[in-house]
Colleague: 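Before I ask anything, let me first share the structure, which is written out below as structure tokens.
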Amino acid sequence: MHGKRRLIWILVCVFLILSLPGFTGSGLAQEPEVRNVIVLVADGCGSAHTTLARWYKGAPLALDEIVAGGVITHSADSMITDSAPAATAFATGHKSDTKFISVLPAVIDVPVKREIPMEDLYRPVASVLEAAKLQGKSTGIIATSNVQHATPACYAAHWHDRNDYNEIAEQMVYEDVDVVLGGGKQYLLPAAKGGKRTDGEDLVAVLKSRGYAFVENTAAMQKIKAGKLWGLFAPNAMAHDFDRDPAKEPSLAQMTAKAIEILSKNPKGFFLFVEGSQIDWSSHANDPIGVISDVLAFDEAVKVAVDFAKRDGHTLVLAFTDHGNGGMSIGNKATDHGYDTLKPARVVGVLKKAKLTGVGLEAKLNADRSNIAEVMAAYYGINDLTPEEIETIKAARPGELEYVVGPMLSRRACIGWTTTGHTGEDVFLYAYGPKKPTGLLDNTEIARHIARAMKVDLDEVTGRLFTPVTAFEELGASVSVDAGTPNPVVTVKKGNVTMTLKASTDIATINGRTVLLEGPTIHLVVKNKQGQPVFEKTWVPRQAVELFREALKKAA
């Protein structure tokens with residue numbers, strides 16, 4: 001009898017296994033391979049931000065469907081990270097310091113102090129976008145800030161100062177990313193053409209010479225169906241979504257859809273980075289309407305990505321934030337007592353009256369700001385401004401009105417803030433698709449997980465793209481750097497073979513023949529407060545060294 005029961009249980013187990021979805025007779029179906037990766041970052045967006053946006057929308061967010069875990073956010077030198085080292089971590093898999101764009105740190109003292117080998121000091125480290133590019137995948141970057149801003153920059157540039165937009169812009173252009181959409185046109189143009197470049201270069205002309213379509217409004221973007229595309233829709237940052245002119249500036253969701261449309265034509269797949277940049281800026285200003293505006297815009301972009309992933313079956317989607325910001329809370333000192341009776345109308349009802357963010361509101365004030373009461377009533381639904389509040393608005397400097405009216409609206413809507421700076425808490429991780437991560441991850445593990453999913457080794461890619469220029473000296477060549485111009489030139493000589501490499505570009509010439517390398521040459525100079533160089537080093541793609549070696553053999 002005992003033997004019969006055992007046999008019955010065995011047969012039941014076999015039946016259950018055979019009934020599993022995907023069972024083929026030779027084993028369980030394998031999880032689909034990851035062909036595409038879409039990373040979406042809501043800069044500076046904490047859990048209170050998404051909660052408030054959900055209440056405002058009155059319906060679930062697209063993010064809610066794909067909650068997967070959490071992310072630890074600290075940098076190499078602080079419990080509270082800046083955007084640059086945060087993005088360096090999840091783009092390259094390495095912790096770094098404040099202001100550093102995908103280069104190794106100068107200091108590691110969080111969570112414990114650790115010495116950095118001299119050969120690794122400031123060394124560029126490869127991003128997952130660069131790894132995808134070397135696999136033959138198409139690549140894309142989208143941001144609502146200027147595209148040279150810290151977070152997007154970490155995927156396609158390597159520098160020690162996140163604020164050097166001229167340098168970052170040049171590296172990004174010569175990185176040959178297939179689709180770039182956002183703001184920041186002024187950093188591609190010289191002053192003579194209305195831009196901010198100090199080296200006289202016209203990088204828009206460079207893009208066009210390399211076969212890119214360059215567009216500046218929504219309709220022009222929508223007409224592009226294939227090929228390489230740069231779309232810059234504002235001189236600096238784009239408008240907040242609530243303030244946006246749809247004819248001039250596409251939404252984040254529209255840019256995401258367009259990038260996917262173009263990039264997905266590559267049978268080898270693609271890597272796409274998307275940032276909702278200005279959630280962070282509104283959090284710095286303690287402006288709840290700016291937060292809601294851009295969280296909802298970001299969420300629509302997430303829906304576009306996830307809908308594509310559901311249709312495709314080979315796309316990994318990851319969404320998260322780089323850090324908290326503002327210490328936002330639903331509830332403030334006014335709800336110290338009676339918090340357990342707070343109704344949505346007390347919060348959302350107040351916020352729904354606002355038609356613009358604090359940034360958009362500024363354009364509605366006249367030159368002498370004599371119409372403050374009328375504007376606040378019409379666009380914010382605030383009819384009870386105090387004399388002190390009117391004076392504060394009147395005294396706000398250009399570009400800073402958001403920092404004044406945001407807190408005013410917050411107080412009326414029971415929204416609390418602890419700071420106008422970043423915060424250091426863990427943040428949510430959202431994920432969908434094959435090989436999606438779950439649980440609590442350090443931010444560096446995001447890059448490592450993506451690399452594993454794409455079957456690449458980031459350390460190998462770093463070695464391939466960023467070889468110390470001293471490798472030429474090992475071949476017996478001399479190396480000199482003409483750093484007296486805005487664009488230093490590295491010259492390598494041995495016998496009758498001469499190679500020149502233009503820093504921050506992928507351009508090399510060898511005995512007069514021009515070659516486009518796999519990535520830019522990085523000549524990094526760190527200066528002290530007195531403007532004196534304290535660190536100087538050059539890295540080149542290994543391909544340049546191999547080309548020089550081959551030329552020596554032919555010349556022998």
Side-chain angles (χ1 to χ4, degrees), residues 31 34 36-50 61-97 100 102 104-105 108 110-112 114 125-132 150-152 154-155 271-276 279-280 298 302 305-306 309 315-325 422-459 461-462:
E31 187 177 25
V34 173
N36 315 306
V37 178
I38 304 174
V39 173
L40 303 104
V41 171
D43 200 302
C45 180
S47 62
H49 298 61
T50 50
L61 302 177
L63 288 166
D64 297 343
E65 181 186 352
I66 58 170
V67 179
V71 181
I72 297 168
T73 63
H74 72 84
S75 65
D77 61 344
S78 177
M79 288 176 64
I80 301 176
T81 188
D82 177 51
S83 291
T88 296
F90 53 72
T92 73
H94 293 275
K95 295 283 187 185
S96 197
D97 296 345
F100 285 18
S102 292
L104 293 179
I108 297 178
V110 173
V112 294
R114 182 158 58 87
V125 281
S127 73
V128 287
L129 180 147
E130 291 168 317
T151 311
C154 284
Y155 285 90
F271 176 91
L272 174 62
F273 171 77
V274 180
E275 184 189 38
I279 302 166
D280 180 70
F298 177 79
V302 170
V306 172
T315 300
L316 172 62
V317 177
L318 298 177
F320 50 90
T321 184
D322 48 355
H323 51 73
N325 192 343
H422 294 178
T423 53
E425 71 275 14
D426 298 343
V427 296
F428 278 128
L429 170 69
Y430 306 87
Y432 178 86
K435 296 180 171 56
K436 70 175 185 180
T438 58
L440 183 64
L441 278 62
D442 186 79
N443 53 9
T444 55
E445 182 55 26
I446 291 172
R448 298 292 175 184
H449 185 91
I450 291 170
R452 288 193 296 271
M454 295 195 307
K455 297 181 179 178
V456 295
D457 185 321
L458 284 174
D459 294 331
V461 176
T462 292

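As the structure is a computational prediction, the values presented were derived from the model and not from experiment.
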Colleague: Are any non-hydrogen side-chain atoms of Val71 and Phe428 less than 4.5 angstrom apart?
Modeller: no
Colleague: Under a plain distance cut-off of 3.5 Å, with no hydrogens placed, do Thr88 and His94 share a side-chain donor-acceptor pair?
Modeller: no
Colleague: If you round to the nearest 0.5 Å, how far is OG of Ser78 from NE2 of His323?
Modeller: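 Reported to 0.5 Å precision, the distance equals 11.0 Å.
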Colleague: How close do Ala451 and Val128 get, counting heavy atoms only, and between which atoms?
Modeller: N-CG1, 4.4 Å
Colleague: Taking side-chain hydrogen bond (donor to acceptor under 3.5 Å, both in side chains) as the test, write out the residues that go with Ser75, two or more places apart.
Modeller: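 side-chain hydrogen bond (donor to acceptor under 3.5 Å, both in side chains) check on Ser75 returns Asp77.
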Colleague: Rounded at 0.5 Å granularity, tell me how far CG in Leu272 sits from CD1 in Ile38.
Modeller: 5.5 Å
Colleague: Please find the pair of heavy atoms, one from Val34 and one from Val37, that lie closest to each other, and give the distance.
Modeller: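 Here Val34 and Val37 meet closest at CG1-CG2, 3.8 Å.
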Colleague: Tell me the closest heavy-atom pair linking Ala91 and Cys154, and the distance in Å.
Modeller: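 Closest approach of Ala91 to Cys154, heavy atoms only: CB-O, 3.8 Å.
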Colleague: Applying side-chain hydrogen bond (donor to acceptor under 3.5 Å, both in side chains), which residue pairs with at least one partner in residues 434-446 are found, sequence neighbours left out?
Modeller: Lys95-Asp442, Lys95-Asn443, Asp442-Thr444, Glu445-Arg452
Colleague: Does Val302 reach the side chain of Tyr430, with side-chain heavy atoms less than 4.5 Å apart?
Modeller: no
Colleague: Supply the atom-to-atom distance Leu441 CG to Leu318 CG, rounded to the nearest 0.5 angstrom.
Modeller: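 Spacing of CG (Leu441) from CG (Leu318) equals 9.0 Å.
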Colleague: How far apart are the closest heavy atoms of Gly44 and Asp322, and which atoms are they?
Modeller: N-OD1, 3.0 Å
Colleague: What side-chain hydrogen bond (donor to acceptor under 3.5 Å, both in side chains) pairs are there with at least one residue in residues 64-73, not counting sequence neighbours?
Modeller: Arg54-Asp64, Glu65-Lys310
Colleague: Give the minimum heavy-atom separation between Leu40 and Ala305, together with the two atoms involved.
Modeller: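 Taking Leu40 first and Ala305 second, the nearest heavy atoms are CD1-CB, 4.0 Å.
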Colleague: Treating Thr315 as the side-chain partner and Ala309 as the backbone partner, does any N or O pair qualify as donor plus acceptor under 3.5 Å?
Modeller: no
Colleague: For Asp426, check salt bridge (charged side-chain N to carboxylate O under 4.0 Å, His left out) against everything at least two apart and list the hits.
Modeller: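 Result, salt bridge (charged side-chain N to carboxylate O under 4.0 Å, His left out) vs Asp426: none returned.
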Colleague: Give me the one residue out of Leu61, Thr50, Leu63 that meets side-chain contact (heavy atoms from CB on, under 4.5 Å) with Phe298.
Modeller: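 One option only clears the test, and that one is Leu63.
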Colleague: Could you check whether any side-chain N or O of His449 sits under 3.5 Å from a backbone N or O of Ile446, counting only pairs where one atom can act as donor and the other as acceptor?
Modeller: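 No; zero donor-acceptor contacts below 3.5 Å.
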Colleague: Quick one: pull up CG in Asp459 and OG1 in Thr92 and give me the separation to the nearest 0.5 Å.
Modeller: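 Taking CG in Asp459 and OG1 in Thr92, the distance rounds to 9.5 Å.
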Colleague: Taking the side chain as C-beta and beyond, is there a heavy-atom pair between Leu458 and Arg448 under 4.5 Å?
Modeller: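 They are in side-chain contact.
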Colleague: Residues two or more places apart in sequence or in another chain: which of them pass side-chain hydrogen bond (donor to acceptor under 3.5 Å, both in side chains) with Ser102?
Modeller: none
Colleague: Tell me every residue that passes side-chain hydrogen bond (donor to acceptor under 3.5 Å, both in side chains) with Asp280, counting only those two or more places apart in sequence or in another chain.
Modeller: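 Only His284, Asn325, His422 meet the side-chain hydrogen bond (donor to acceptor under 3.5 Å, both in side chains) criterion with Asp280.
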Colleague: Work out which heavy atom in Phe273 is nearest to a heavy atom in Pro152; give both atom names and the distance.
Modeller: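 So the minimum-distance heavy-atom pair works out to CE2-CA, 3.7 Å.
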